[in-house]
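Data first, discussion second: the structure below is written as structure tokens.
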Amino acid sequence: MPAAANPAIRVPPAAARPAPEALLAWYDRHRRRLPWRAAPGRRQEPYRVFLSEIMLQQTTVVTVAPYYEAFLARWPSVAALADAPLEEVLSAWAGLGYYARARNLHACARAVVARHGGVFPDTEEALLDLPGIGPYTAAAIASIAYERRAAPVDGNWERVVARLFAVDEPLPRAKAKLRALALTLLPDARHGDFAQAMMDLGATICTPRKPACALCPWTEACVARAEGAPERYPVKVAKAAKPARRGVAFLAVRADGAVLVRSRPPKGLLGGMSEVPSTPWEPGGVANPAGHAPLKAPWRALNAPVAHVFSHFALELDVWRADLAAGTTAPAGHRWVRPEGFDAEAFPSVMRKVLAKL
DNA sequence: AAAACGTGGTG
DNA sequence: TCACCAAGTTT
């Protein structure tokens with residue numbers, strides 16, 4: 001069904017419809033230089049596209065850059081990454097967040113080696129079958145690394161498309177409609193450049209707050225701009241407030257400076273990451289924190305709690321400390337780690353905050 | 001299909 | 001201070 005036949009979808013005059021050539025011309029002049037980007041006119045290695053795209057999921061360019069460089073230096077190929085122990089990958093990922101990405105990154109590298117001879121598949125369908133690769137990442141690799149005609153619709157694409165067509169329907173319900181509209185924009189060539197041009201446009205011109213419409217190659221075609229309030233789009237449903245949880249973290253410090261540490265369960269929140277032992281984190285905290293201490297000791301509460309905000313709750317962690325004799329043995333499932341060994345541990349940010357109380 | 005899943009920067 | 005945001009995927 002042509003969009004024009006549906007009165008719910010407003011379409012700009014045909015003469016002003018966004019032309020992919022205009023965006024590509026803008027991209028040729030304003031493309032951002034990013035560590036994972038190939039030189040103009042060249043394709044990027046699939047592994048590098050893969051690595052960067054996984055890291056960039058819900059994560060800013062500035063945050064990702066140093067991690068990308070470190071991973072690439074340490075594991076220059078899928079095969080190298082596949083050979084690495086998961087613990088090392090988690091440790092290198094520590095601080096980046098969404099740790100399932102690191103577990104899936106590793107699993108995906110192994111799957112590419114085991115199932116595809118160490119070569120990333122070159123179709124969206126086959127890529128989609130790999131762990132950690134969803135519709136966005138499959139389209140990103142297919143277009144950027146293999147020049148397939150594909151639409152990696154991320155938040156930038158959604159914002160740009162929602163404004164171009166003034167889509168009133170709120171996200172996330174509007175996702176299917178935005179994707180359908182996005183597909184109408186695709187060029188017949190330069191698919192990788194087009195995908196990245198959309199992201200650059202969203203990141204530098206068609207920004208969430210104050211879009212720079214005067215600099216936009218598509219300004220004439222944009223319905224939201226014509227309406228006078230482009231920042232109104234995309235419409236989103238309000239998010240629920242974050243509940244609070246509390247807990248107590250136990251900082252057991254041995255005479256030689258070693259700290260008692262354990263690993264979290266392999267899945268779920270901070271899955272597989274290292275942590276200082278603590279009570280469960282619950283609304284209102286647990287009734288008897290001492291009952292959760294990893295060993296019997298003269299625990300004393302430190303005055304400054306650690307505050308940390310996760311994706312779906314805010315945590316306030318009290319910190320209790322005990323100093324123990326040099327010969328104290330670690331309880332089952334725990335280990336002593338000296339400060340020199342902290343960097344090799346997979347401590348997430350919240351645990352680095354706890355350790356900072358030492 | 002809605003909820004789980006991190007973190008740091010910004011206005 | 002705090003809500004919102006950033007190249008989403010999994011269950």
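Letters A, B, ... mirror the listed sequences (proteins, then strands); counts begin at 1. Computed from heavy atoms alone, side chains included, the values below leave out hydrogens, waters and symmetry copies.
- When the side chains of ILVMFWY residues are joined at heavy-atom separations under 4.5 Å, either directly or via intervening members, L81(A) and Y67(A) end up in a single hydrophobic cluster.
- Separating the NZ atom of K175(A) from the P atom of dA1(B) is a distance of 13 Å, rounded to the nearest angstrom.
- Ring-plane geometry between W218(A) and F194(A) is classed as tilted, the angle between the planes lying from 30 to 60 degrees on a 0 to 90 degree scale.
- In this structure, R300(A) places its CZ atom where more than 12 heavy-atom neighbours from other residues, nucleotides or ligands lie under 6.0 Å away.
- Projected onto DNA chain C by closest heavy-atom contact, G132(A) and P208(A) fall at different nucleotides, the more 5' of which corresponds to P208(A).
- When the P atom of dG8(C) is taken as reference, atom CD1 of I141(A) falls 14 Å away, rounded to whole Å.
- Contacts of D122(A) classified as side-chain hydrogen bond (donor to acceptor under 3.5 Å, both in side chains), with partners at least two apart in sequence or in another chain: R148(A).
- Y98(A) and W93(A) fall into different hydrophobic clusters, where Ile, Leu, Val, Met, Phe, Trp and Tyr are joined by side-chain heavy atoms under 4.5 Å apart, directly or via other members.
- Rounded to a whole angstrom, the distance from the C1' atom of dA1(B) to that of dT10(C) is 12 Å.
- Between K353(A) and H308(A), the side chains place a donor N or O and an acceptor N or O closer than 3.5 Å (distance only, hydrogens not considered).
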Nucleic acid footprint by protein, nucleotides 3-11 of chain B - heavy-atom cut-off 4.0 Å, B for base, S for sugar-phosphate alone: -SBBBS--S
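- Rounded to an integer number of Å, the gap from L128(A) CG to dG8(C) C1' is 12 Å.
- Rounded to a whole Å, the CG atom of L130(A) is 19 Å from the P atom of dG8(C).
- Under the side-chain hydrogen bond (donor to acceptor under 3.5 Å, both in side chains) criterion, S278(A) pairs with W281(A), sequence neighbours left out.
- Judged purely by distance below 3.5 Å, without hydrogens or angles, the side chains of E345(A) and S91(A) never pair a donor atom with an acceptor atom.
- Annotation: dA7(C) and dT10(B) have their P atoms spaced 15 Å apart (nearest Å).
- In this model, a donor atom of one side chain and an acceptor atom of the other lie less than 3.5 Å apart for E227(A) and Y233(A).
- The distance between atom CG of L171(A) and atom C1' of dC4(C), rounded to the nearest whole Å, is 14 Å.
- Shown for residues 195-206 of chain A: residues whose heavy atoms fall under 4.0 angstrom of DNA chain C, namely M199(A).
- Inspection of the E53(A) and Y136(A) side chains reveals an N or O donor paired with an N or O acceptor under 3.5 Å.
- Side-chain N/O atoms of R335(A) and S263(A) include a donor and acceptor closer than 3.5 Å.
- Separating the CD atom in E147(A) from the NE2 atom in H191(A) is a distance of 6.5 Å, to the nearest 0.5 Å.
- R101(A) and T59(A) share a side-chain donor-acceptor pair at under 3.5 Å.
- A heavy atom lying under 4.0 Å from DNA chain C marks the following residues of residues 22-53 of chain A, by number: R32(A), L34(A), W36(A), R37(A), E53(A).
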Pair R190(A)-D28(A), salt bridge (charged side-chain N to carboxylate O under 4.0 Å, His left out): steps then yes or no: CA-CA 11 Å; R190(A) 299 189 63 186; D28(A) 287 335; 2.7 Å; yes
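- P172(A) comes within 4.0 angstrom of no nucleic acid atom, judged by non-hydrogen atoms across all strands.
- Taking atom P on both dT11(C) and dG6(B), the two are 13 Å apart, rounded to the nearest angstrom.
- Contacts between residues 145-160 of chain A and DNA chain C, defined by a heavy-atom separation under 4.0 Å, are made by D154(A), G155(A), N156(A), R159(A).
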